[in-house]
K.L.:
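Would you mind keeping the following structure in view while I ask a few things?
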2 protein chains.
Amino acid sequence: MSTPAIHSDALAQKLADSGLRNTPQREFVYDALLKKRDHPTADEVYARVKTQLPGISLATVYNCLETLVQCDLVRAVNFERAPTRYCPNQHPHAHFHDESTGSTHDIELPPGLLAKIKGILPPGYDAEAIELTFRGKAPPSR
Amino acid sequence: MSTPAIHSDALAQKLADSGLRNTPQREFVYDALLKKRDHPTADEVYARVKTQLPGISLATVYNCLETLVQCDLVRAVNFERAPTRYCPNQHPHAHFHDESTGSTHDIELPPGLLAKIKGILPPGYDAEAIELTFRGKAPPSR
DNA sequence: TCCTTCTTTAGAATTATTCCAATTTCAACT
DNA sequence: AGTTGAAATTGGAATAATTCTAAAGAAGGA
């Protein structure tokens, strides 16, 4: 088969749930995110996918990434005004931006912390999403 | 006197500490942030300051805001890829983005929460800054 | 005052992202 | 199998926030 199979068809399922079509472009884009989980930018995803789908356009990469975000398979990660990065990690997690390397690390959240954080909101505030981001120096990666 | 005086010269002090000059442009920009604490964008600050300093340029507003951020008098607040907003609140606080109105609210943090959040970092991670952002529906403002 | 440095300014440049109009694809229905 | 209509892709143009640049303007110290 010509399409990647890393994702065990979670993609096809989620797309179907949203009434969207599964396409090779979407498969390869999602696959690129799963294969190298280094929070690539759209440009980086474009470069990686182009090696396998040479005809894909940057606009399509943006479209696919947006679709994956809509389907809750991928999170868009913004840090200051740097290009948006994309993350296929489904678990609740924070992000740590290493200033010296420019790299982004996932930080898993202990259970209950999100609820506790939500608890600081004054009455009447209803949070749909919480973003927790650190900036600083990360340990050298192994 | 012609320069605003809301800020009790914290500005002059902080600028001096950093070896920078105090200028009318910097005073008026800082004053605009203090007078209406609604997290304006650079464009909005530009419009407000221009009523008092008609000759100021947008580039200068950007320069002044950047300087204020460097001096730790102002925080730059980013949400997704919307234009950067500026906040003169010095206390540790989170931000709540109301999706329907586009407004940004400060959420004061209970003492100890930042330390607790910092505690979830694996050994070796050294966080210089923490950003906590909510997205959702805020109560109608009084 | 002169000199040096910092600051401001207008406009050009940058760049991530979105928009657009024209194909192409594809599933559903004859 | 052929038709159809909506969805998806494509290349290129457009957008918009921000930064850059080069020149002119202020300001403090010798």
Side-chain angles (χ1 to χ4, degrees), chain A residues 2-3 11-32 39-47 49-50 52-71 73-86 102 104, chain B residues 2-3 11-12 14-32 39-47 49-50 52-71 74-86 102 104:
Chain A
S2 68
T3 52
L11 172 59
Q13 187 57 60
K14 286 277 196 171
L15 286 171
D17 291 352
S18 308
L20 301 170
R21 293 181 186 161
N22 197 358
T23 67
Q25 288 87 346
R26 287 173 178 168
E27 296 228 19
F28 277 104
V29 165
Y30 187 40
D31 210 54
H39 302 83
T41 64
D43 266 328
E44 288 164 348
V45 173
Y46 178 48
V49 173
K50 231 183 347 183
Q52 307 182 71
L53 271 185
I56 197 172
S57 77
L58 178 56
T60 298
V61 171
Y62 272 103
N63 290 341
C64 292
L65 289 170
E66 172 65 12
T67 299
L68 295 173
V69 170
Q70 300 299 314
C71 290
L73 285 168
V74 168
R75 267 174 66 182
V77 181
N78 291 286
F79 180 60
E80 288 171 2
R81 295 209 44 94
T84 300
R85 296 175 171 279
Y86 296 89
T104 298
Chain B
S2 68
T3 52
L11 172 59
K14 286 277 196 172
L15 287 171
D17 291 352
S18 309
L20 300 170
R21 293 179 188 163
N22 196 358
T23 68
Q25 289 85 349
R26 287 171 178 169
E27 296 227 19
F28 277 103
V29 165
Y30 187 40
D31 210 54
H39 303 84
T41 63
D43 265 328
E44 289 165 347
V45 173
Y46 178 49
V49 173
K50 231 184 345 185
Q52 308 182 72
L53 271 184
I56 197 171
S57 77
L58 178 57
T60 298
V61 171
Y62 273 103
N63 290 341
C64 292
L65 290 169
E66 172 65 13
T67 299
L68 295 173
V69 169
Q70 300 298 311
C71 290
V74 167
R75 267 173 69 182
V77 181
N78 291 286
F79 179 60
E80 288 172 4
R81 295 206 47 90
T84 300
R85 296 175 172 279
Y86 296 89
T104 299

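Letters go in sequence order (proteins before strands), and every chain restarts at 1.
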K.L.:
If you find the nucleotide of DNA chain D closest to A/Leu58 and the one closest to B/Ala82, which residue's nucleotide is nearer the 5' end?
P.N.:
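Between the two, 5'-proximity favours A/Leu58.
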K.L.:
Give the minimum heavy-atom separation between A/Ala76 and A/Thr84, together with the two atoms involved.
P.N.:
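Distance-wise, the nearest heavy atoms are CB-CG2, 3.8 Å.
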K.L.:
What nucleotide among C/dA16, D/dT10, D/dT18 has an atom nearest to a side-chain atom of B/Ala42?
P.N.:
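It is D/dT18.
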K.L.:
Quick check: closest heavy atoms across B/Thr41 and B/Tyr86, and the distance to 0.1 Å?
P.N.:
C-CD1, 4.5 Å
K.L.:
Taking for each residue the nucleotide of DNA chain D with the nearest heavy atom, is it A/Leu20 or B/Asn78 whose nucleotide lies nearer the 5' end?
P.N.:
A/Leu20
K.L.:
Do you know which two heavy atoms are closest between A/Glu44 and A/Arg85, and how far apart they sit?
P.N.:
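Minimum heavy-atom contact is OE1-NH1, 3.7 Å.
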K.L.:
Tell me the interatomic distance from A/Asn63, atom CG, to C/dA16, atom C1', rounded to whole angstroms.
P.N.:
15 Å
K.L.:
Please confirm whether the backbone N or O of B/Ala82 pairs with a side-chain atom of A/Arg81, one donor and one acceptor, at under 3.5 Å?
P.N.:
yes
K.L.:
How many whole angstroms separate atom CD of A/Glu80 from atom P of D/dT18?
P.N.:
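To the nearest whole Å, that distance equals 12 Å.
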K.L.:
Scan B/Thr84 against the nucleic acid and name what it touches under 4.0 Å (heavy atoms): base, sugar-phosphate only, or nothing.
P.N.:
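Contact class for B/Thr84: sugar-phosphate only.
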K.L.:
Please walk me through it: do B/Arg26 and B/Leu20 pass side-chain contact (heavy atoms from CB on, under 4.5 Å)?
P.N.:
CA-CA 11 Å; B/Arg26 287 171 178 169; B/Leu20 300 170; 3.9 Å; yes
K.L.:
What is the separation between atom NZ on B/Lys50 and atom C1' on C/dA10, rounded to the nearest whole Å?
P.N.:
13 Å
K.L.:
Kindly indicate whether the side chain of B/Arg26 and the base of C/dT7 share any N or O donor-acceptor pair separated by less than 3.5 Å?
P.N.:
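Flag unset: no donor-acceptor pair detected.
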K.L.:
Taking all atoms of both residues into account, what is the closest heavy-atom pair of B/Arg21 and B/Leu15, and its distance?
P.N.:
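For B/Arg21 and B/Leu15, the tightest heavy-atom pair comes out as O-CD1, 3.6 Å.
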K.L.:
Just call it for A/Thr60: base, sugar-phosphate, or nothing, with non-hydrogen atoms closer than 4.0 Å on any strand.
P.N.:
base
K.L.:
Are B/Arg21 and C/dT7 close enough that a side-chain N or O sits under 4.0 Å from OP1 or OP2?
P.N.:
no
K.L.:
For residues B/Tyr46 and B/Leu58, report the shortest heavy-atom separation together with the two atoms involved.
P.N.:
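Closest pair (atom of B/Tyr46, atom of B/Leu58, distance): CE1-N, 3.4 Å.
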K.L.:
Considering the terminal five base pairs at each end of the helix from C/dT1-D/dA30 to C/dT30-D/dA1, what angle separates the two local helix axes, rounded to 10°?
P.N.:
20°
K.L.:
Figure out the CZ/C1' separation between A/Phe28 and D/dT10, and round it to whole Å.
P.N.:
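One finds 18 Å between C1' of D/dT10 and CZ of A/Phe28, rounded.
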K.L.:
In whole angstroms, how far is the P atom of D/dT19 from the CD atom of B/Gln70?
P.N.:
11 Å
K.L.:
Let's see if you can work this out: which of D/dG12, C/dT17, C/dT7 has an atom nearest to the side-chain heavy atoms of B/Thr23?
P.N.:
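Of the candidates, C/dT7 comes closest.
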K.L.:
Rounding to a whole Å, what distance do you find between A/Arg81:CZ and C/dT14:P?
P.N.:
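Distance, rounded to whole Å: 18 Å.
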K.L.:
Return the value, rounded to whole Å, for the distance between atom CG of A/Leu53 and atom C1' of C/dT25.
P.N.:
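Answer to the nearest Å: 14 Å.
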K.L.:
So, OP1 or OP2 of D/dT10: does either fall under 4.0 Å of a side-chain N or O from A/Gln25?
P.N.:
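Yes.
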K.L.:
Quickly work out the A/Asn22 CG to C/dA27 P distance and round it to whole Å.
P.N.:
10 Å
